[in-house]
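Scroll down for the structure; my scribbles are underneath it.
Each ligand, and each atom within it, is numbered from 1 in the order the structure gives. Note that the structure is predicted; figures quoted are calculated from it, not measured.
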Amino acid sequence: MIDLHTHTNCSDGTDTPTELVNKALAAGISILGLTDHDSTAGWQEAVAALRPGISLAPGAEISCQTSDGISVHILGLLFDPENQELTNVMEQTRENRYGRMEKIIARINAAGIDITMAEVLAQLSDGATLGRPHLADALIIKGVFNNREEVFAQMLHNKSKYYVSHHSPSPEAVIKLIKAAGGVSVIAHPMASHRGRTISIQTFGSLITAGLDGVEVDHRDHSPDEKKALIELAQEFNLVMTGASDYHGNGKLNTLAEYTTNPEQWEKLESRANARRVVKV
Ligand code: AMP
Ligand code: ZN
Ligand code: FE
Ligand code: FE
C-alpha cells in the first residue's frame with residue numbers, strides 16, 4: 001500500500017519518524033510519504049529507520065496562501081532538501097508561525113482563557129514546526145478540552161473568531177520551487193470545504209499552469225461528490241490522482257493507510273521527479 005501524506009513530531013504529529021516508519025510497515029505500507037508541515041527535519045531519522053519492505057518518499061506539506069487569502073497546502077515529494085530557495089521559504093513560514101501563534105493566544109486570552117506562549121511551546125518537540133495542534137495540546141493539558149478534535153471544533157477551526165492566518169507564499173510560487181528543486185507537487189485536500197473556504201476552479205487552472213503534478217483525491221475530508229469533481233478535473237488536465245491518510249499519530253482520528261494511492265498513479269508521479277527516487281534499504 002502507498003500512503004503519501006503523513007506527519008511526525010517534526011511538525012504537529014505525535015509519533016517520531018522512527019515510530020512512524022515502524023507503524024507504517026506494520027500497517028502494510030510499502031511506500032510511505034513523509035510530509036511534515038514546512039519541514040524536512042524528519043527525513044534523516046526516517047531513512048535510518050527503514051527496513052526491507054518499506055521505502056520512503058521524502059517530502060513536506062508546504063503552507064501556501066492564494067491572493068484572495070485562501071489557505072492551500074501543497075505536498076512536495078522527492079525534491080532536493082538542500083535547495084536553498086525552497087528551504088528559505090519553509091524556514092520563513094516556520095518563523096512566521098510564532099508571531100501568528102502569539103496573536104491567536106492574545107485573542108483567546110481576551111476571551112478570558114488563560115494560556116501562555118510558554119505553555120504552547122512546551123508541547124513542541126525540538127526544532128518542530130509550530131501549529132495550532134500544539135496550542136490545542138496545551139489547552140487539553142489545562143483541562144479546557146479533552147482532545148484535539150474538540151478544540152478544533154469549538155475554538156481553533158478556520159472560521160473561528162480566534163483564527164489568524166500566517167503569511168505564506170503563493171501556491172504557484174511553491175509549485176515552481178518544488179519543480180526547480182527536482183521534485184513533484186500535489187495539492188493536498190483541495191476540497192476540504194468544511195475546514196474553510198476552498199479554491200476556485202480559476203485558481204486550480206493557475207496551479208496547473210504553474211506545473212502542478214497531482215491532486216489528492218482520496219482523503220477523509222472529501223465527500224463523495226467532491227472526489228467525483230476532482231477525478232473529472234484530474235482526468236481533464238492529466239493530473240496524477242493520489243490518496244493518503246494525512247496521519248498525525250494520536251493527534252487526529254486519521255489512521256495510516258486509511259486512503260492510499262494506486263501504484264500506477266504513483267509510478268506516473270515518481271517518473272515526473274528528477275532529483276531523487278524513493279529511498280530503500
Ligand atoms: P496550522 O498549520 O497551525 O494552521 O494548523 C493546521 C493543522 O491543524 C493541520 O495539520 C491539521 O491537521 C490540524 N487540524 C485541523 N483540524 C483538526 C482537527 N479537527 N483535529 C485535529 N487536528 C486538526
Ligand atoms: Zn498537521
Ligand atoms: Fe494539510
Ligand atoms: Fe497534512
Side-chain angles (χ1 to χ4, degrees), residues 2-17 20 24 29 32-42 46 57-66 70-77 90 93-94 96-97 100-101 104 120 123-125 127-138 140 147-149 151-153 156-158 163 165-166 168-169 171 174-175 178 185-199 207 212 214-222 226 230 242-261:
I2 303 170
D3 187 344
L4 296 178
H5 178 174
T6 65
H7 298 268
T8 73
N9 66 353
C10 291
S11 62
D12 55 8
T14 58
D15 290 338
T16 64
L20 172 68
I29 292 172
L32 174 71
L34 170 60
T35 55
D36 274 307
H37 297 281
D38 307 306
S39 174
T40 59
E61 181 174 17
I62 304 184
S63 315
C64 306
Q65 211 170 40
T66 64
I70 297 172
S71 161
V72 173
H73 288 173
I74 299 289
L75 298 167
L77 293 165
M90 288 192 273
T93 300
R94 289 199 304 273
N96 288 341
R97 286 167 165 275
R100 176 253 199 160
M101 181 61 74
I104 299 178
V120 174
Q123 299 308 311
L124 191 68
S125 307
T129 308
L130 176 63
R132 281 176 283 165
H134 302 108
L135 169 56
D137 290 348
I140 293 163
N147 53 58
R148 284 188 185 178
E149 288 297 324
V151 195
F152 271 88
L156 293 185
H157 56 88
N158 288 25
Y163 181 73
S165 66
H166 50 89
S168 340
V174 165
I175 288 166
I178 292 168
S185 60
V186 176
I187 181 168
H189 45 71
M191 303 287 248
S193 51
H194 70 268
R195 289 199 190 186
R197 290 188 298 149
T198 54
I199 61 168
L207 303 190
L212 183 71
V215 50
E216 193 174 55
V217 173
D218 280 322
H219 185 285
R220 75 151 56 209
D221 292 354
H222 289 160
E226 289 170 336
L230 287 172
T242 70
S245 64
D246 201 358
Y247 172 80
H248 279 69
N250 300 327
K252 263 183 141 187
L253 302 173
N254 313 33
T255 58
L256 277 167
E258 65 176 22
Y259 293 100
T260 57
T261 299

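For the pair NE2 of His7 and NE2 of His5, the angle at the Fe ion (ligand 4) is about 100°; rounding is to 10 degrees. Geometry note: the Zn ion (ligand 2) is the vertex, His248 NE2 and Asp12 OD2 are the arms, and the angle is 120° (rounded to 10 degrees).
Under the 3.5 Å distance criterion, the side-chain polar atoms of His222 are matched with a main-chain donor or acceptor of Met191. No donor-acceptor pair closer than 3.5 Å links the side chain of Arg97 to the backbone N or O of His166.
Arg148 and Gly251 make their closest contact through CD-O, 3.1 Å (heavy atoms, listed as atom of the first residue, atom of the second, distance). Minimum heavy-atom separation, Ser185 to Leu212: OG-CA, 3.6 Å. Among all heavy-atom pairs drawn from Asn250 and Thr14, the shortest one is N-OG1, 2.6 Å.
One of the N, O or S atoms belonging to His73 lies under 2.8 Å away from the Fe ion (ligand 3). Not a single N, O or S atom of Asp246, from either the backbone or the side chain, sits less than 2.8 Å from the Fe ion (ligand 3). The Fe ion (ligand 3) has an N, O or S atom of His189 under 2.8 Å away, backbone or side chain. Backbone or side-chain N, O or S atoms of His37 reach the Zn ion (ligand 2) at under 2.8 Å.
The minimum distance between the Fe ion (ligand 4) and any N, O or S atom of Glu61 involves atom OE1.
Between His248 and His37, the two ring planes are tilted [angle within 30° to 60°].
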